[in-house]
Participant: 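Below you'll find the structure I mean.
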Amino acid sequence: MNFTLRPWREEDAPALVPYADDPQVAQNLRDVFPNPYTLADAEGYIRSCVEQEGHGQLCRAIVVDGKAAGSIGLFLGNDVYRKSAELGYWLGRPFWRQGIMTASVEEMCALGFAVWDIVRIYAEPYAKNAGSRGVLEKAGFTLEGVKRRSVFKNGEFLDSCIYAKLRD
């Protein structure tokens with residue numbers, strides 16, 4: 001599958017909506033990710049990514065066959081967490097299980113370690129999200145622990161996992 005990571009562009013918004021407006025995508029993300037997902041949501045998200053670029057975050061469009069099909073970002077910690085960054089990502093369902101996200105995570109981590117003076121990148125997938133956990137493991141992340149009943153999503157408590165990758 002032909003894909004690239006690149007900075008967001010305003011014109012990506014219409015292509016993003018059909019992939020983001022999917023309850024199966026939203027169920028694995030934080031509630032800040034809207035469902036349903038509208039064109040206005042996409043435009044606002046992209047505007048935020050562009051405005052905050054280089055100010056503690058790096059966000060990239062995952063572009064498949066020339067169209068935005070997902071998002072990946074790194075968010076720099078602050079205070080005592082300033083040497084760490086949190087990784088977040090999602091991809092449209094038609095592109096799941098094709099290696100795109102694993103390669104995107106690897107590329108984004110390399111960028112984060114190159115750009116920032118950090119020693120750790122971490123992610124917190126829900127424990128039941130086997131796909132995301134597999135992506136992280138294939139990309140060289142280590143499971144550090146499980147936080148029991150740490151998330152309240154769609155009316156139920158879920159466990160979440162802490163995965164991390166350290167600078168070599």
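Treat the numbers as computed from the prediction; the structure is a model and nothing was measured.
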Participant: Closest heavy-atom contact between Asp12 and Pro7?
Facilitator: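 Where Asp12 meets Pro7 most closely, the heavy atoms are OD2-O, 4.5 Å.
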
Participant: Does Arg47 CZ have over 12 foreign heavy atoms under 6.0 Å away?
Facilitator: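 It does not: Arg47 CZ has 12 such atoms or fewer within range.
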
Participant: Does the side chain of Ser132 come under 3.5 Å of the side chain of Tyr126 through a donor N or O and an acceptor N or O?
Facilitator: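 Absent: no donor and acceptor within the cut-off.
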
Participant: Hey, is the main chain of Ile100 close enough, under 3.5 Å, to the side chain of Ser104 for a donor-acceptor pair?
Facilitator: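 Flag set: sc Ser104 to bb Ile100 pair under 3.5 Å.
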
Participant: For the pair Ser150 (side chain) and Lys147 (backbone), establish whether a donor and an acceptor sit closer than 3.5 Å, ignoring hydrogens and angles.
Facilitator: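 Judged by distance alone, yes, a pair lies under 3.5 Å.
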
Participant: Hey, any chance Leu58 and Tyr81 share a hydrophobic cluster, counting ILVMFWY side chains that come within less than 4.5 Å of each other, even indirectly?
Facilitator: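 No; tracing contacts between hydrophobic side chains, which count when under 4.5 Å, never links both residues.
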
Participant: How are the rings of Tyr37 and Trp90 set to each other: parallel, tilted or perpendicular (split at 30° and 60°)?
Facilitator: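 Tilted, since the angle between the ring planes falls between 30° and 60°.
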
Participant: In sequence, state the C-alpha distance, the side-chain angles, and the governing distance for Arg60 and Glu53, and then conclude on salt bridge (Lys or Arg N to Asp or Glu O under 4.0 Å).
Facilitator: CA-CA 10 Å; Arg60 296 292 180 266; Glu53 180 73 16; 2.9 Å; yes

Participant: Where is the tightest heavy-atom contact between Phe141 and Ala123, given as atom of each residue plus distance?
Facilitator: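 Minimum heavy-atom separation between Phe141 and Ala123: CE2-N, 4.5 Å.
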
Participant: I'd like to know whether NZ of Lys153 has more than 12 heavy-atom contacts from other residues, nucleotides or ligands below 6.0 angstrom.
Facilitator: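 Yes, the 6.0 Å shell around NZ holds more than 12 heavy atoms from other groups.
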
Participant: Which atom names give the shortest non-hydrogen contact between Leu143 and Cys161, and what distance separates them?
Facilitator: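 Looking at all heavy atoms of both residues, the closest pair is CD1-CB, 3.8 Å.
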
Participant: Regarding Glu156 and Arg149, does a basic nitrogen lie under 4.0 Å from an acidic carboxylate oxygen?
Facilitator: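 Arg149 and Glu156: not salt-bridged.
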
Participant: So, are Lys165 and Glu144 salt-bridged, with charged N and O less than 4.0 Å apart?
Facilitator: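 No, no charged N to carboxylate O under 4.0 Å.
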
Participant: Would you check if there is a donor-acceptor pair between the side chains of Arg133 and Tyr163 at a distance under 3.5 Å?
Facilitator: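 Checked: Tyr163/Arg133 side chains pair up, N/O donor to acceptor below 3.5 Å.
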
Participant: After noting the C-alpha distance and the side-chain angles of Arg93 and Asp22, does the key distance pass the salt bridge (Lys or Arg N to Asp or Glu O under 4.0 Å) rule?
Facilitator: CA-CA 8 Å; Arg93 199 163 17 124; Asp22 181 341; 2.9 Å; yes

Participant: Work out which heavy atom in Ala69 is nearest to a heavy atom in Val64; give both atom names and the distance.
Facilitator: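 Looking at all heavy atoms of both residues, the closest pair is CB-CG2, 3.9 Å.
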
Participant: Check Leu29, Asn28, Asp21 against Val25 for a side-chain contact (heavy atoms from CB on, under 4.5 Å) and give me the one that passes.
Facilitator: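 Only one option passes, and that is Leu29.
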
Participant: Identify whether NZ of Lys or CZ of Arg in Arg167 sits under 6.0 Å from the centre of the six-membered ring of Phe113 and within 45° of that ring's axis.
Facilitator: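 Cation-pi check for Arg167 and Phe113: fails.
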
Participant: For Arg30, does the CZ atom sit with more than 12 other heavy atoms under 6.0 Å from it, leaving out its own atoms?
Facilitator: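 Incorrect, the count does not exceed 12.
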
Participant: Check the hydrophobic clustering (I, L, V, M, F, W, Y; side-chain heavy atoms under 4.5 Å; chains of links allowed) and say if Leu87 and Phe75 are grouped together.
Facilitator: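 No, Leu87 and Phe75 fall in different hydrophobic clusters.
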
Participant: Indicate, with yes or no, if Val119 and Ile121 share a hydrophobic cluster defined by side-chain heavy-atom contacts under 4.5 Å among Ile, Leu, Val, Met, Phe, Trp and Tyr.
Facilitator: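 Different clusters.
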
Participant: Could you walk me through whether Phe95 and Tyr19 pass the side chain to side chain contact (heavy atoms under 4.5 Å, CB included) test, one step at a time?
Facilitator: CA-CA 10 Å; Phe95 308 107; Tyr19 301 120; 3.5 Å; yes

